[in-house]
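Structure record follows, encoded as structure tokens.
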Amino acid sequence: MPELPEVETIARVLSDGKGEYQTSIIGCSIKNAQVKWARTIAIPSPEEFSERIKEQIITALTRRGKFLVFSLSRDAMLVHLRMSGDLRVEDHLDQGGEPIPLDKHDRMALILNNGQRLVFNDTRKFGRVWLVADAGEVTGDLGPEPLENSLTAEKFHKVLAARKRQLKPLLMDQSFLAGLGNIYTDEALHLAQLHPLAIASELSEGDARRLLDAIRVVLKEGIRRNGASIDWVYKGGDFQNHFRAYGRTGEPCPECGTPIERMVVGQRGTHICPTCQPLA
DNA sequence: CACGTCACCTGCGTGC
DNA sequence: TGCACGCAGGTGACGT
């Protein structure tokens, strides 16, 4: 599911306590961990994970690219939701004081000292959790954050100019730029009126500036709408009702009315307006 | 370096 | 109804 806006939304909901339970997880300590699908834990072993995370306090929750970064008293826990992951906070015990059974696709749960639990649900089992001393061990190879002002249009043009790669796969390369996925890349390219197969190094400075602006516009709108909710994966977002191109095959382009076309780029379904996004 | 292919997983919609 | 198939918000390991 989750690209930058969905991950950002989850981070905000959990740290601000805006969810169903209205309490923040910041300041809670972890009583213990339940790992139901061992491969969910990327590092260390599930056994060591459960031991080492006990009694640690959640001091902060931030986002880096598509990673959720939990700062703990001694370590950092990182969660990547991949295609179908989600996090939720709920009561751990029922009225009688018995643990409420986890759902079928819950892969891991952290029992907190306030009677609640943080649950990682992931139908497709692609998601991963890391427990490391320093978050940089996991996020070290990520490219810049697209919403940070330190990424200027000049810098962006310079790094694009250095790459003879197809634009869409490059934008989705997390070591080039952190946070874009299939949806927001299609949306940004459509807004910037650039073709996904354009060669990065051939973009003009104006193209690069327009692209960076477009990326920021679609990401910010995604965040403002609490992300995009498609099918059964991830709920609560509204951005899916405002897609310009993604998933709109055959529907009229919002700019010119030409039917949106679907193509495949880098094995990913890709949606473009052939009129607004010509290839050179 | 750039690109294609496959693998990892489960579930849903479609068409026969 | 059953069943095969293609598709899905991501990434990483290969081979060329």
Side-chain angles (χ1 to χ4, degrees), chain A residues 1-11 36-43 63-68 78-87 103-108 120-130 138-143 146 159-190 196-202 215 218-219 221-223 225-250 262-271:
Chain A
M1 99 195 216
E3 302 179 37
L4 188 155
E6 290 77 29
V7 178
E8 178 70 24
T9 300
I10 291 174
K36 294 190 62 194
W37 178 253
R39 299 183 63 178
T40 294
I41 311 299
I43 288 178
R63 177 195 59 74
R64 175 75 172 98
K66 300 175 192 171
F67 288 88
L68 287 154
L78 291 92
V79 177
H80 197 302
L81 304 166
R82 293 280 173 88
M83 291 287 267
S84 61
D86 196 10
L87 284 174
D103 291 343
K104 180 178 180 185
H105 300 303
D106 291 342
R107 308 304 180 193
M108 191 274 289
F120 177 53
N121 182 279
D122 183 24
T123 302
R124 292 177 70 181
K125 299 180 176 173
F126 290 162
R128 292 293 181 267
V129 177
W130 293 256
V138 180
T139 59
D141 290 334
L142 288 179
V159 290
L160 285 167
R163 300 294 209 111
K164 288 189 156 79
R165 281 186 70 180
Q166 297 170 343
L167 200 46
K168 177 168 177 181
L170 181 61
L171 293 174
M172 291 179 65
D173 181 339
Q174 302 298 297
S175 68
F176 179 78
L177 189 66
L180 285 186
N182 205 36
I183 292 178
Y184 291 90
T185 302
D186 278 7
E187 293 297 290
L189 288 171
H190 181 271
L197 293 180
I199 301 302
S201 60
E202 295 175 3
I215 288 168
V218 299
L219 290 178
E221 188 184 358
I223 292 170
R225 298 188 183 280
N226 299 316
S229 309
I230 299 178
D231 300 332
W232 80 102
V233 185
Y234 182 78
K235 302 158 202 74
D238 181 43
F239 189 55
Q240 69 279 6
N241 298 317
H242 303 273
F243 289 160
R244 309 167 56 86
Y246 180 85
R248 299 228 176 274
T249 309
R262 182 184 187 277
M263 56 190 293
V264 175
V265 177
Q267 326 292 104
R268 310 300 302 273
T270 297
H271 312 78

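Within every chain, numbering begins at 1; the chains are lettered A, B, ... in the order of the sequence lines, protein sequences first and strands thereafter.
Contact annotation: A:Arg163 side-chain N/O to B:dA2 OP1/OP2 distance is under 4.0 Å. A:Lys104 has no side-chain polar atom (N or O) that falls below the 4.0 Å cut-off from OP1 or OP2 of B:dT10. When the side-chain nitrogen and oxygen atoms of A:Lys125 are compared with OP1 and OP2 of B:dT10, one or more of them lie within a distance under 4.0 Å. When the side-chain nitrogen and oxygen atoms of A:Arg82 are compared with OP1 and OP2 of B:dC8, none of them lie within a distance under 4.0 Å. OP1 or OP2 of C:dG10 has at least one side-chain nitrogen or oxygen of A:Lys66 nearer than 4.0 Å. OP1 or OP2 of B:dC9 has not a single side-chain nitrogen or oxygen of A:His105 nearer than 4.0 Å. Within the structure, every side-chain polar atom (N or O) of A:Gln267 is placed at least 4.0 Å from both OP1 and OP2 of B:dG4. Taking side-chain N and O atoms only, A:Arg268 has a distance below 4.0 Å to OP1 or OP2 of C:dG9.
The backbone N or O of A:Thr123 sits less than 3.5 Å from a side-chain atom of A:Arg107, completing a donor-acceptor pair. Distance alone, capped at 3.5 Å, is enough to place a donor-acceptor pair between the A:Glu6 side chain and the A:Glu3 backbone. Formation of a donor-acceptor pair under 3.5 Å by the A:Gln174 side chain with backbone atoms of A:Gly179 is found in this model.
Distance CD1 (A:Ile183) to P (C:dG10): 7 Å, rounded to an integer number of Å. Rounded to an integer number of Å, the gap from A:Asp186 CG to C:dG10 P is 10 Å. As rounded to whole Å, 16 Å separates atom P of B:dA7 from atom CE of A:Met83. Taking atom NE2 on A:His80 and atom P on C:dG9, their separation rounds to 14 Å, with Å as the unit. Taking atom CG of A:Leu197 as the reference point, atom P of B:dA2 lies 15 Å away to the nearest angstrom. The separation between A:Leu81 atom CG and B:dC9 atom P is 18 Å, rounded to whole Å. One interatomic measurement links the two molecules: CG of A:Leu170 to C1' of C:dT11, which rounds to 16 Å at whole-angstrom precision. A straight line from CG of A:Asp122 to P of C:dG9 spans 15 Å, rounded to a whole angstrom.
Using a 4.0 Å heavy-atom distance criterion, A:Gly269 is classed as a sugar-phosphate-only contact. Across all strands shown, A:Gln166 has heavy atoms under 4.0 Å from sugar-phosphate atoms exclusively, and none from any base. When heavy atoms are screened at a 4.0 angstrom cut-off, A:Tyr246 is found touching the sugar-phosphate backbone but no base atom.
For a distance-only test at 3.5 Å, the side chain of A:Arg124 qualifies as a donor-acceptor partner of the base of C:dA8.
Comparing the P positions of B:dT5 and C:dC7 gives a spacing of 14 Å, expressed to the nearest Å. Atom name P, nucleotides C:dG6 and B:dC6: the rounded distance is 13 Å, in whole Å. When the P atom is used for both B:dG11 and C:dT11, the distance is 22 Å, rounded to whole Å.
Checked against A:Leu197 for a side chain to side chain contact (heavy atoms under 4.5 Å, CB included), the options A:Val265, A:Leu167, A:Thr270 give a single hit: A:Val265.
Contact check on A:Arg244 versus A:Asp186 returns no salt bridge, with no Lys/Arg side-chain nitrogen under 4.0 Å from an Asp/Glu carboxylate oxygen.
Residues meeting the salt bridge (Lys or Arg N to Asp or Glu O under 4.0 Å) test with A:Asp141, sequence neighbours left out: none.
Of the candidate nucleotides B:dC3, B:dC9, C:dG9, B:dC3 has the atom lying nearest to any side-chain atom of A:Arg165.
Stacking between A:Phe126 and C:dT11 is absent: the aromatic ring centre is not both under 5.5 angstrom from the base six-membered ring centre and within 30 degrees in plane angle.
Across all strands shown, B:dC1 has no partner, as no Watson-Crick or G-U wobble contact with both distances under 3.5 Å is found. Nucleotide B:dC9: unpaired (no Watson-Crick or G-U wobble partner with both distances less than 3.5 Å). Checking C:dG9 for Watson-Crick or G-U wobble geometry (two distances, each under 3.5 Å) identifies no partner in any strand.
A parallel orientation is assigned to the rings of A:Tyr184 and A:Phe239, their planes being inclined by less than 30° (bins at 30° and 60°).
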